[in-house]
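First the structure, in the form of structure tokens, and then the observations on it.
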Amino acid sequence: MRSMTLALLLLAPLLGGCRYNYVPLIPPVSEVRLPPRVFGTAIVRSGEDLVLTARVDGDFTAGYLGVTWFDGPRQIGQDSVYLDAQERQAVFRLNAPQPGPTAPC
């Protein structure tokens with residue numbers, strides 16, 4: 001009896017090594033959600049107006065896309081357009097009768 005108890009006490013630490021070691025061969029599919037991105041932006045002059053066009057691609061919730069126009073550090077205009085799943089194209093106009101300064105190269 002005493003030797004049986006001694007043997008069990010000596011073997012008890014080895015029982016801690018028995019554990020579940022299953023590694024799945026095929027990992028679970030992870031869903032990747034990329035943030036919405038603004039594509040196809042262009043600024044063109046149309047008479048005395050500057051026209052900015054932009055398109056939002058990707059999965060996004062309906063909401064406002066805003067633009068703020070600056071002349072150096074000075075804010076000269078601000079506008080926003082409501083976009084949803086059907087309307088992804090935004091057009092912004094800024095009345096700018098005089099061309100701004102060009103940056104030196």
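Here Arg74 pairs with Asp71 under the salt bridge (Lys or Arg N to Asp or Glu O under 4.0 Å) rule; sequence neighbours left out. In this view, Val32 and Leu34 satisfy the side-chain contact (heavy atoms from CB on, under 4.5 Å) rule, not counting sequence neighbours. With sequence neighbours excluded, the residues satisfying salt bridge (Lys or Arg N to Asp or Glu O under 4.0 Å) with Asp57 are Arg55. Scanning for salt bridge (Lys or Arg N to Asp or Glu O under 4.0 Å) contacts around Arg33 gives Asp59, with sequence neighbours left out.
Annotation for Val67: hydrophobic cluster partners, listed by chain and number, are Val38, Ile43, Leu50, Leu52, Val56, Phe60, Leu65, Trp69, Ile76, Val81, Leu83, Phe92, Leu94 (ILVMFWY side-chain heavy atoms under 4.5 Å, direct or chained). Other residues sharing the hydrophobic cluster of Leu10, ordered by chain and number and joined by side-chain separations under 4.5 Å: Leu6. Cluster partners of Val51 are Val44, Val91, counting Ile, Leu, Val, Met, Phe, Trp and Tyr whose side-chain heavy atoms approach within less than 4.5 Å, directly or via other members.
Among residue pairs with one or both ends in residues 80-97, none qualify as side chain to side chain donor-acceptor pair (under 3.5 Å); sequence neighbours excluded.
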